[in-house]
Amino acid sequence: MANYLTTQKAFRSLLLSARDGSFSQAYIFEGVKGIGKYTAARIFANALHCTGDVKPCGECPDCKKHSAMTHSDLVIIGGGDTITVDDIRAMNEELYIRPALSDKKICIIRGADNMNDAAQNALLKSFEEPPSYAVIILLSENEKNLLQTIRSRGTKVVFEPFPEKEIQEYMLRQYPLKKDILPFVALYSGGVIGRAIAICEDEEFFETREKVFDAVSRLADDRLSIIKIAELFGVKCKGSYTNCDLYFELFTSFMRDAMAIKVGGRIINQDKEALIESFSSKVTLASVISIIERAALTRSQLNKSMNYELWITNMLINCWEDIHGKGSRS
Ligand SMILES: [Zn+2]
């Protein structure tokens with residue numbers, strides 16, 4: 001509980017509803033990856049089961065089981081690449097077994113975006129009309145990934161990014177030894193607490209950024225940069241798409257700063273301003289915008305069934321052509 005930014009408005013109203021009994025039975029928690037949906041869902045579930053006065057009290061038998069992740073009336077599924085119809089059927093079966101320790105059976109579905117239509121249809125009935133003792137929480141990065149029938153049945157709770165100052169203060173409490181980098185971390189995280197933590201936990205973050213920025217800056221120069229960036233994205237070693245988030249993020253961060261320089265906005269990677277400025281001076285605003293959109297589209301379309309190598313290389317060739325024009329060679 002202490003290890004959480006409790007200022008989140010969505011989170012506070014959830015806790016209140018757990019305390020006064022005004023909670024609903026079917027939820028969709030929406031927010032970007034790393035914003036704290038899962039942590040909030042866990043604490044909310046804990047509060048719903050808690051028998052103490054101020055929920056969650058941390059002292060009652062239910063709270064202790066939640067802390068130890070052994071509460072048998074809490075079911076958590078998802079979190080991997082896909083959620084199949086069989087996963088949902090198994091969850092449904094579990095859901096219809098009455099709670100053993102408490103008066104509520106709570107199901108959390110992580111990465112609900114990864115349910116295909118068949119899985120969502122299998123969920124529909126229990127989501128529409130859950131047993132009286134059930135609470136179902138779907139965690140979604142974008143509720144548009146869910147079928148309209150699911151969306152219309154759930155109480156939507158939106159998790160917004162935290163203000164930069166709050167992230168910085170929170171991180172200072174958690175990572176006092178990283179004090180010097182925290183202003184950057186808070187700005188770079190874009191208010192997403194999980195991102196801020198990931199940077200502080202990643203000993204190689206700044207080294208990786210150095211490599212990616214160096215390679216990306218050359219997109220304005222020679223065509224060989226495509227190969228270099230592709231290598232970094234893990235194409236050469238047949239990288240898997242699941243690990244490419246950081247590369248997309250750094251690539252996009254560089255391009256956003258290049259755009260910020262053009263339009264007079266705030267630069268995030270201030271220590272790399274000279275490098276980004278040099279790149280920015282060689283490209284048009286339209287090409288940078290196109291590259292940012294291209295990267296976002298490619299990332300959203302990537303999935304396990306695709307040829308990762310081909311998609312990344314294709315994206316980079318298109319980015320290069322955004323800058324240098326179609327069919328140009330250098
Ligand atoms: Zn308790």
Side-chain angles (χ1 to χ4, degrees), residues 1-31 33-79 90-112 123 126-127 129-140 153-160 162 166-167 169-175 192-194 196-197 201:
M1 183 69 184
N3 194 20
Y4 188 68
L5 262 168
T6 49
T7 52
Q8 177 73 260
K9 222 170 85 189
F11 174 74
R12 294 177 86 88
S13 63
L14 279 170
L15 265 198
L16 280 178
S17 74
R19 286 167 186 166
D20 68 17
S22 64
F23 58 89
S24 95
Q25 284 192 274
Y27 284 99
I28 299 169
F29 286 10
E30 187 191 47
K33 190 176 171 187
I35 201 80
K37 301 184 294 294
Y38 179 57
T39 311
R42 289 270 317 277
I43 299 172
F44 178 51
N46 186 166
L48 287 173
H49 278 150
C50 174
T51 52
D53 287 337
V54 182
K55 302 171 197 301
C57 71
E59 300 293 330
C60 71
D62 289 278
C63 280
K64 290 201 167 128
K65 288 199 179 71
H66 268 275
S67 300
M69 279 299 285
T70 55
H71 204 295
S72 60
D73 296 337
L74 173 66
V75 181
I76 300 171
I77 70 159
M91 188 208 82
N92 279 340
E93 268 175 37
E94 185 82 36
L95 189 69
Y96 285 95
I97 300 170
R98 297 191 71 87
L101 299 172
S102 64
D103 58 355
K104 285 175 208 76
K105 190 89 168 225
I106 304 169
C107 291
I108 301 175
I109 304 184
R110 306 180 71 178
L123 175 70
S126 46
F127 199 67
E129 289 170 54
S132 58
Y133 51 79
V135 176
I136 305 172
I137 307 166
L138 309 187
L139 311 185
S140 163
R153 302 296 169 165
T155 302
K156 189 172 163 181
V157 181
V158 178
F159 288 75
E160 305 279 359
F162 293 94
E166 271 178 43
I167 294 262
E169 286 167 0
Y170 173 83
M171 293 302 286
L172 189 60
R173 289 196 296 277
Q174 303 296 322
Y175 297 89
V192 179
I193 189 68
I197 293 169
E201 294 286 335

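Both counts, for ligands and for their atoms, begin at 1 and track the order of listing. Please read these numbers as outputs of a predicted model, since none were measured by experiment. We use all heavy atoms of the structure for the numbers below, so side chains are in, but hydrogens, waters and symmetry mates are not.
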| query | So which heavy atom on His71 is nearest to which on Ser102, and how close? | reply | CE1-OG, 4.1 Å
| Criterion side-chain contact (heavy atoms from CB on, under 4.5 Å) on Leu48 and Lys55, from CA distance to verdict | CA-CA 8 Å; Leu48 287 173; Lys55 302 171 197 301; over 6 Å; no
| Crowded around Asp53 CG? As in, over 12 foreign heavy atoms under 6.0 Å? | no
| Contact check, side chains of Pro56 and Leu15, non-hydrogen atoms, under 4.5 Å | yes
| note | Listed as residue and atom, the protein N/O/S atoms under 2.8 Å from the Zn ion (ligand 1) are Cys50 SG, Cys57 SG, Cys60 SG, Cys63 SG
| Hey, does the side chain of Glu160 reach the backbone of Ala10 with a donor-acceptor pair shorter than 3.5 angstrom? | no
| Does Tyr27 have its ring centroid less than 6.0 Å away from the ring centroid of Phe44? | yes
